[in-house]
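These notes are about the structure you will find just below.
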Number of protein chains: 2
Amino acid sequence: MQANDCAAALAAAEGLCEARGTRLTELRRRVLEIVCASARPIGAYAILDVLRDDGRPGAPPTVYRALDFLLEQGLVHRLASLNAFIGCSHPAEHHGGQFLICERCGCVGELDSHEVEDGIVRAAAAVGFAARTQMVEILGRCAACRDAPA
Amino acid sequence: MQANDCAAALAAAEGLCEARGTRLTELRRRVLEIVCASARPIGAYAILDVLRDDGRPGAPPTVYRALDFLLEQGLVHRLASLNAFIGCSHPAEHHGGQFLICERCGCVGELDSHEVEDGIVRAAAAVGFAARTQMVEILGRCAACRDAPA
DNA sequence: TGGTGAATGTTATACAGTAACGTGTGTTAC
DNA sequence: GTAACACACGTTACTGTATAACATTCACCA
Ligand SMILES: [Zn+2]
Ligand SMILES: [Zn+2]
Ligand SMILES: [Zn+2]
Ligand SMILES: [Zn+2]
């Protein structure tokens, strides 16, 4: 995520939490900032390292609790295949999300195609399965890396 | 996976490895058997417990190496959201796979819809991303649990 | 018969996540 | 005011997941 996107994400988070009556505390705000400032998905312990560099006290529950709040609010996503977190690029609407993970540069883009989501719900329903939420992580080459050599 | 499915999976694995010139050793075969014999996804350390019950020596790398081989051969799948493994229900053709995970009974079904897969590839291509492989895990209720109370 | 590479054994460690309990702080009820 | 309460955060300890690094064994072939 770019620096200006990061500032925009923080501003959006402020507004959303204000509107929802939830508390974006200093710690939660800082964790969101760390996640959004990272160009690539970042792990919980890497976030913790940054917090400690800040001079804060900190242990794993510190960061996991903040991340739980941010996940609930839809401000960050967790990538199950990487055990890492990224900022949501459009948090106003809660969504499962589909993620494009570049195997060359490590960047992650968010897709959020309703066609894909609905197609999955329908395909599941066709075999009697009632889909509630879905996790879609796509590995490949991003536009910038697409034509690079192996 | 049912017992007869398990036997069939082992037989299919023998044939595939034979045809490919890869070695389905005693250990790898036993790990595949353990995974296929489990009605639900099974974790690496649970597999390790079974191996030890067999009287084998064993440490985490033992089972992770066997699983790496089975994953490469497309004989098992890893469910990233559960950190667990299941036998592939039709290993002849390599595939990313789409998984239907029941939140009530814990069973997992394999979907493998080409429509879904192709839809994802197209949606990714539309934003310049070249998809190589995809991970789709769908949470909800299986047909048997669909109408059960919460 | 000795060399080569693959598979496995073994030890140690890194990384991910949670349980349980204590502490401070602000808000509400009386 | 102050007692009661809910919530966020600090702290310790632990469980679970996965890998690095090196030693050993074994199958196969020159
Ligand atoms: Zn998002
Ligand atoms: Zn890239
Ligand atoms: Zn499969
Ligand atoms: Zn079920």
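Since the structure is predicted, the reported quantities are computational estimates derived from the model, not experimental observations.
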Whole Å only: how far is the [atom1] atom of [X] from the [atom2] atom of [N]?
X	N	atom1	atom2	value
A:Arg56	D:dA8	CZ	P	15 Å
B:Glu72	C:dA6	CD	P	12 Å
A:Leu70	D:dC9	CG	C1'	15 Å
B:Asp54	C:dG9	CG	P	12 Å
B:Leu48	C:dG9	CG	P	11 Å
B:Leu67	C:dT8	CG	P	12 Å
B:Gln73	C:dA6	CD	P	14 Å

Please answer whether the main-chain N or O of [Y] pairs with a side-chain N or O of [X] as donor and acceptor at a distance below 3.5 Å.
X	Y	answer
B:Glu115	A:Ala123	no
B:Thr62	B:Ala59	yes
A:Gln98	A:Ser113	yes
A:Arg28	A:Leu67	no

* Residues from residues 24-33 of chain A sitting under 4.0 Å of DNA chain D, heavy atoms only? -> A:Thr25, A:Leu27, A:Arg28
* Check: A:His95 ring centroid to A:His114 ring centroid under 6.0 Å -> no
* Asked: Is the A:His77-A:Phe85 ring centre distance short of 6.0 angstrom?
  -> no
* State whether B:Arg141 and B:Glu103 are salt-bridged, where the test is any N-O pair (Lys NZ or Arg NE/NH1/NH2 against Asp/Glu carboxylate O) under 4.0 Å. => no
Could you pull out every donor-acceptor pair under 3.5 Å between side chains of residues 14-21 of chain A and any protein atom, sequence neighbours left out?
unit_1, atom_1, unit_2, atom_2, d
A:Glu14, OE2, A:Arg29, NH1, 2.1
A:Arg20, NH1, A:Gln73, O, 2.9
A:Arg20, NH1, A:Gln73, OE1, 3.0

* **Annotated protein contacts, base or backbone, on nucleotides 12-30 of chain D with a non-hydrogen cut-off under 4.0 Å, one of B, S, - each** => B----BBBBB---------
